[in-house]
Peer 1: 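Input: one structure, supplied below.
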Number of protein chains: 2
Amino acid sequence: MKTTRNTAAKTAVLEVFEKSKTALSHTEIQKQLNDLCDRVTIYRILDRLINEDVIHKISNLDGTVKYAKCNHSHQRVHIHNHAHFSCENCHEITCLETVKPSYIMPHNYKVNEINFTLSGLCPNCLNSNI
Amino acid sequence: MKTTRNTAAKTAVLEVFEKSKTALSHTEIQKQLNDLCDRVTIYRILDRLINEDVIHKISNLDGTVKYAKCNHSHQRVHIHNHAHFSCENCHEITCLETVKPSYIMPHNYKVNEINFTLSGLCPNCLNSNI
DNA sequence: AATTTAAACGCAACAATGTTGCAATTGATA
DNA sequence: TATCAATTGCAACATTGTTGCGTTTAAATT
Ligand SMILES: [Mn+2]
Ligand SMILES: [Mn+2]
Ligand SMILES: [Zn+2]
Ligand SMILES: [Zn+2]
């Protein structure tokens with residue numbers, strides 16, 4: 001088992017997540033870090049944070065990938081079974097922790113992970129578009 | 001309104017979809033077409049087929065993007081509200097047309113599209129892994 | 001406080017995927 | 001058959017993510 005270290009870059013990335021109300025892409029994180037570290041380092045930090053269950057990855061229909069902090073109380077194993085909303089107008093992605101889909105699977109499938117992303121207009125953009 | 005044409009390449013792509021039980025990536029389609037046309041052309045055909053509601057796009061947690069034929073009776077506007085299953089072992093992606101998630105959204109969101117992808121082990125891989 | 005050592009890093013190089021502009025080709029219609 | 005916009009090929013580019021390797025550094029040990 002590898003031990004994990006708290007580096008300046010990792011701490012900075014975590015701060016960026018703390019400050020953000022929405023999910024962030026690799027590029028958005030890099031901009032906020034202002035060249036504090038190499039972009040490869042950010043990828044590696046994101047990988048580590050996912051393994052540590054501190055953040056989770058959200059993949060959108062348009063191909064963009066974002067990351068968000070996990071809000072659940074820190075359990076060893078868990079499924080990120082909540083929905084994510086992706087606004088087609090402002091392109092912000094937010095966790096909807098209260099929205100959990102219910103569904104019935106055929107037997108003989110083993111489900112390890114679910115990705116439930118809804119897209120459309122977020123409350124902000126819905127209002128300003130009237 | 002642009003008119004759409006039936007070209008050799010488009011017909012060939014459609015045949016590939018007909019023959020396939022699972023969703024296909026751009027690369028998989030290209031291999032099956034055996035250099036019948038340029039890879040850019042395939043991207044453009046896929047775009048057109050999506051606009052015509054003949055196929056739909058499936059984006060997976062691992063970042064891969066696949067496409068599958070729409071099975072619904074051809075309606076003007078529709079939401080692809082069924083689930084997709086992505087096998088972590090064989091990497092096949094299949095439409096689960098019978099699995100439709102139910103969920104309750106907060107008001108003041110407008111949902112246009114949903115992307116519900118489950119990953120884990122498909123029946124084939126589950127059996128061979130015992 | 002100095003030493004140790006594996007984790008983390010920077011950099012360069014690469015791969016995969018998708019996009020754009022433009023000239024040439026072609027399907028469908030007249 | 002002539003027309004013409006839709007489609008294509010090609011080259012060039014952009015973005016996103018990965019890998020290898022030598023160097024730096026966190027943190028545990030002495
Ligand atoms: Mn979570
Ligand atoms: Mn469909
Ligand atoms: Zn919005
Ligand atoms: Zn499988």
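These values consider heavy atoms only, across backbone and side chains, with no hydrogens, waters or symmetry-generated copies. Keep in mind the model is a prediction, meaning the values are calculated, not measured. So you know, we letter chains A, B, ... as the sequences are listed, proteins then strands, and number each from 1.
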Peer 1: Whole angstrom is fine here: how far is it from CG in A/Leu14 over to P in C/dA8?
Peer 2: 13 Å
Peer 1: Return the value, rounded to whole Å, for the distance between atom NZ of B/Lys31 and atom P of C/dT17.
Peer 2: 8 Å
Peer 1: State whether B/Lys66 and B/Glu28 are salt-bridged, where the test is any N-O pair (Lys NZ or Arg NE/NH1/NH2 against Asp/Glu carboxylate O) under 4.0 Å.
Peer 2: yes
Peer 1: Looking only at the side chain of B/Asp38 (C-beta and beyond, no hydrogens), which of the listed nucleotides D/dA6, D/dG9, D/dT8 gets closest?
Peer 2: D/dG9
Peer 1: List the atom of A/Cys122, the atom of A/Cys87, and the distance in Å for their closest heavy-atom pair.
Peer 2: N-SG, 3.5 Å
Peer 1: Considering only side-chain heavy atoms of B/Thr41, which listed nucleotide, D/dG9, C/dA8, C/dG10, is closest?
Peer 2: D/dG9
Peer 1: Expressed in angstrom and rounded to an integer, what is the separation of A/Leu33 atom CG from C/dC9 atom C1'?
Peer 2: 14 Å
Peer 1: Are B/Val99 and B/His82 packed together at the side-chain level, in the sense that at least one heavy-atom pair is separated by less than 4.5 angstrom?
Peer 2: no
Peer 1: Looking only at side-chain N and O atoms, does A/Arg44 come under 4.0 Å of OP1 or OP2 in C/dC9?
Peer 2: no
Peer 1: Which nucleotide sits closest to the side chain of A/Arg39: D/dG17, C/dG18, C/dC11?
Peer 2: D/dG17
Peer 1: Want to settle it: does B/Val65 or A/Ile45 sit nearer the 5' end of DNA chain C, counting the closest nucleotide to each?
Peer 2: A/Ile45
Peer 1: How are the rings of B/Phe85 and A/Tyr109 set to each other: parallel, tilted or perpendicular (split at 30° and 60°)?
Peer 2: perpendicular
Peer 1: Could you tell me whether the side chain of A/Ile55 reaches within less than 4.5 Å of the side chain of A/Phe17, counting heavy atoms only?
Peer 2: yes
Peer 1: Protein-nucleotides 27-30 of chain D N/O pairs closer than 3.5 Å?
Peer 2:
| unit_1 | atom_1 | unit_2 | atom_2 | d |
| --- | --- | --- | --- | --- |
| D/dA27 | OP1 | A/Asn6 | N | 3.0 |

Peer 1: Rounded to whole Å, please give me the gap between CZ in B/Arg48 and P in C/dG27.
Peer 2: 12 Å
Peer 1: Provide the closest heavy-atom pair for A/Ser86 versus A/Asn60 in the form atom of the first, atom of the second, distance.
Peer 2: OG-ND2, 2.9 Å
Peer 1: So what does A/Val40 touch, heavy atoms closer than 4.0 Å: a base, only the sugar-phosphate, or nothing?
Peer 2: base
Peer 1: Between A/Glu52 and A/Lys10, does at least one N-O distance fall below 4.0 Å, as a salt bridge requires?
Peer 2: yes
Peer 1: Figure out the OH/P separation between B/Tyr43 and D/dC13, and round it to whole Å.
Peer 2: 19 Å
Peer 1: Between P on C/dC9 and CG on A/Leu46, what's the gap in Å once rounded to a whole number?
Peer 2: 11 Å
Peer 1: Just the rounded figure in Å: distance from P of C/dC11 to CG of A/Leu36.
Peer 2: 12 Å
Peer 1: Output the rounded distance in Å from CD1 (B/Ile42) to P (C/dG18).
Peer 2: 11 Å
Peer 1: From the list D/dC10, D/dG17, D/dT8, which nucleotide is the closest neighbour of the side chain of B/Ala9?
Peer 2: D/dT8
